[in-house]
2 protein chains.
Amino acid sequence: MNYSRQREYIKEYLMSTKEHPTAEVIYQNVREEYPKISLGTVYRNLTLLVELGEVKKISTGDGTEHYDADTSAHSHYYCRCCHRIMDVEITPSVDQILAASSTGLGTVEQASLLFTGVCKDCMDNGK
Amino acid sequence: MNYSRQREYIKEYLMSTKEHPTAEVIYQNVREEYPKISLGTVYRNLTLLVELGEVKKISTGDGTEHYDADTSAHSHYYCRCCHRIMDVEITPSVDQILAASSTGLGTVEQASLLFTGVCKDCMDNGK
DNA sequence: ATTATATAGATAATCATTATTGATTTTGCT
DNA sequence: AGCAAAATCAATAATGATTATCTATATAAT
């Protein structure tokens with residue numbers, strides 16, 4: 001695989017933010033540095049980065065995928081109102097992963113824990 | 001909310017299967033009983049059933065949502081090859097849920113644990 | 001049974017994502 | 001440095017999943 005500054009910058013941007021942006025949001029931000037970049041390039045490179053394991057894709061069921069360059073073991077809190085994702089310093093336990101592995105279903109490459117609810121901000125603004 | 005036999009049957013079908021079908025698969029199956037039903041009706045009712053808490057939506061990031069009428073506490077194993085979902089009798093621990101609640105991020109309505117890998121069938125068929 | 005409202009069915013529209021294509025950039029070699 | 005081959009880009013078209021719209025039908029209450 002060849003080097004690409006666009007891909008480099010996409011990852012840089014992802015590492016610089018605590019948000020868990022969608023491809024569209026990433027596109028808007030990367031555009032400030034590379035005004036000519038196209039949305040397809042963002043998608044292509046996000047897919048590559050995910051395959052390389054440098055970025056994680058977070059699926060919440062809200063219709064778009066979110067991305068996170070923090071690959072350390074942590075989980076996410078998803079607000080079903082504002083669709084934001086926050087980090088939670090909780091991880092699937094070793095026991096849980098071992099238990100899943102020993103079911104014999106197949107390899108366990110990833111274990112992810114997602115909490116869903118309504119965040120404080122949304123509750124304060126009545127919802 | 002009014003009663004609807006179509007909605008009733010969608011739930012019946014979902015309860016009758018161990019698969020975790022997509023809207024499209026549900027549509028194909030419900031069509032055998034209600035040949036005139038339309039895909040939009042399936043989506044509309046799935047959304048309603050999820051809102052009622054009678055059905056759960058499972059997001060794997062494979063491009064389509066899967067549905068499950070088994071609302072008991074359990075987790076899922078997702079094969080990234082064949083895109084099938086299997087049940088795993090492991091649940092997020094009370095400790096994990098309490099810990100998530102006590103972060104103060106917001107309410108915790110749901111905690112879901114997803115294991116991803118390559119299932120046995122796919123490995124046997126070399127992939 | 002009549003009437004009001006919710007849902008169905010058909011279809012069009014939208015939105016996210018992927019594929020295609022020709023131009024440009026990067027790499028590896030001399 | 002200069003050049004050919006391969007990879008990536010930008011632009012855009014295509015696809016696929018999901019949602020919205022609109023008229024007809026089914027449901028529920030009187």
Side-chain angles (χ1 to χ4, degrees), chain A residues 1-14 19-52 54-68 78 80-85, chain B residues 1-14 19-52 54-68 78 80-85:
Chain A
M1 163 174 307
N2 277 351
Y3 173 84
S4 127
R5 351 176 195 183
Q6 287 90 339
R7 180 160 59 245
E8 183 71 27
Y9 190 79
I10 288 170
K11 191 180 172 192
E12 253 179 52
Y13 166 67
L14 264 178
E19 313 292 322
H20 300 75
T22 61
E24 177 65 31
V25 170
I26 294 165
Y27 172 58
Q28 295 303 341
N29 279 276
V30 172
R31 221 137 72 114
E32 289 174 14
E33 186 75 18
Y34 292 92
K36 309 198 63 172
I37 202 171
S38 79
L39 186 53
T41 299
V42 172
Y43 272 108
R44 180 163 18 81
N45 283 306
L46 283 172
T47 303
L48 282 168
L49 288 167
V50 168
E51 277 168 9
L52 291 170
E54 296 180 27
V55 163
K56 291 218 167 127
K57 186 159 90 162
I58 310 167
S59 299
T60 64
D62 70 351
T64 56
E65 302 295 333
H66 295 250
Y67 296 87
D68 188 357
Y78 168 68
R80 66 171 166 79
C81 273
C82 60
H83 306 294
R84 279 187 306 166
I85 293 174
Chain B
M1 163 174 303
N2 277 353
Y3 172 85
S4 127
R5 356 178 192 182
Q6 286 89 341
R7 180 160 61 244
E8 184 69 28
Y9 190 79
I10 288 170
K11 191 180 171 192
E12 253 179 52
Y13 165 66
L14 264 178
E19 313 292 321
H20 301 76
T22 62
E24 177 64 33
V25 170
I26 294 165
Y27 172 57
Q28 294 304 340
N29 280 276
V30 171
R31 223 138 70 114
E32 290 174 14
E33 187 73 18
Y34 292 91
K36 308 199 64 174
I37 201 170
S38 79
L39 186 53
T41 299
V42 172
Y43 273 107
R44 181 160 15 85
N45 283 305
L46 283 171
T47 302
L48 282 168
L49 289 167
V50 169
E51 277 168 10
L52 291 171
E54 295 180 28
V55 163
K56 290 217 168 128
K57 185 160 91 163
I58 310 167
S59 299
T60 64
D62 70 349
T64 56
E65 302 295 333
H66 295 250
Y67 296 87
D68 188 358
Y78 168 68
R80 64 170 169 79
C81 273
C82 60
H83 306 292
R84 278 187 306 164
I85 293 175

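Each chain gets a letter, A, B and so on, in the order its sequence line appears, and its residues count up from 1.
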Indicate whether any N or O donor in one side chain lies under 3.5 Å from an N or O acceptor in the other, for [X] and [Y].
{"X": "B:Ser59", "Y": "B:Glu65", "result": "yes"}
{"X": "A:His66", "Y": "A:Tyr78", "result": "no"}
{"X": "A:Thr41", "Y": "A:Arg44", "result": "yes"}

Where do N or O atoms of nucleotides 3-7 of chain C meet protein N or O atoms at under 3.5 Å, pair by pair?
residue, atom, partner, partner atom, Å
C:dA6, O4', B:Asn2, ND2, 3.1
C:dA6, O3', B:Asn2, N, 3.4
C:dT7, OP1, B:Asn2, N, 3.0

What does the list of N/O pairs under 3.5 Å between the protein and nucleotides 15-19 of chain D look like, with a distance for each?
residue, atom, partner, partner atom, Å
D:dT18, OP1, B:Glu65, N, 3.1
D:dT18, OP2, B:Tyr43, OH, 2.3
D:dT18, O5', B:Tyr43, OH, 3.4

Practice problem: Nearest-nucleotide wise, let me know which of B:Arg5 and A:Ile37 is further upstream toward the 5' end of DNA chain D. | Solution: A:Ile37
Check the distance between [N]'s [atom2] and [X]'s [atom1] and give it to me in whole angstrom.
{"X": "B:Asp62", "N": "C:dT17", "atom1": "CG", "atom2": "P", "answer": "12 Å"}
{"X": "A:Lys36", "N": "C:dA23", "atom1": "NZ", "atom2": "C1'", "answer": "11 Å"}
{"X": "A:Glu8", "N": "C:dT26", "atom1": "CD", "atom2": "C1'", "answer": "14 Å"}
{"X": "A:Ile10", "N": "D:dC9", "atom1": "CD1", "atom2": "C1'", "answer": "11 Å"}
{"X": "A:Tyr34", "N": "D:dT8", "atom1": "OH", "atom2": "C1'", "answer": "13 Å"}

Rounded to the nearest 0.5 Å, what's the gap from [atom1] on [X] to [atom2] on [Y]? Could you check?
{"X": "A:Leu49", "Y": "A:Ile10", "atom1": "CG", "atom2": "CD1", "result": "7.0 Å"}
{"X": "B:Lys57", "Y": "B:Asp68", "atom1": "NZ", "atom2": "CG", "result": "14.0 Å"}
{"X": "A:Ile58", "Y": "A:Thr22", "atom1": "CD1", "atom2": "OG1", "result": "11.5 Å"}
{"X": "A:Thr60", "Y": "A:Ile85", "atom1": "OG1", "atom2": "CD1", "result": "5.5 Å"}
{"X": "B:Glu19", "Y": "B:Asn29", "atom1": "CD", "atom2": "CG", "result": "9.5 Å"}
{"X": "A:Tyr13", "Y": "A:Glu32", "atom1": "OH", "atom2": "CD", "result": "9.0 Å"}

Self-check item: N-O pairing of B:Lys11 and B:Glu54 below 4.0 Å
Solution: yes
Quiz item: Quick one: are A:Leu46 and A:Leu14 in side-chain contact, heavy atoms under 4.5 Å?
Solution: yes
Quiz item: Per the end-axis method with five pairs at each terminus, what is the bend angle of the helix from C:dA1-D:dT30 to C:dT30-D:dA1, to 10°?
Solution: 50°
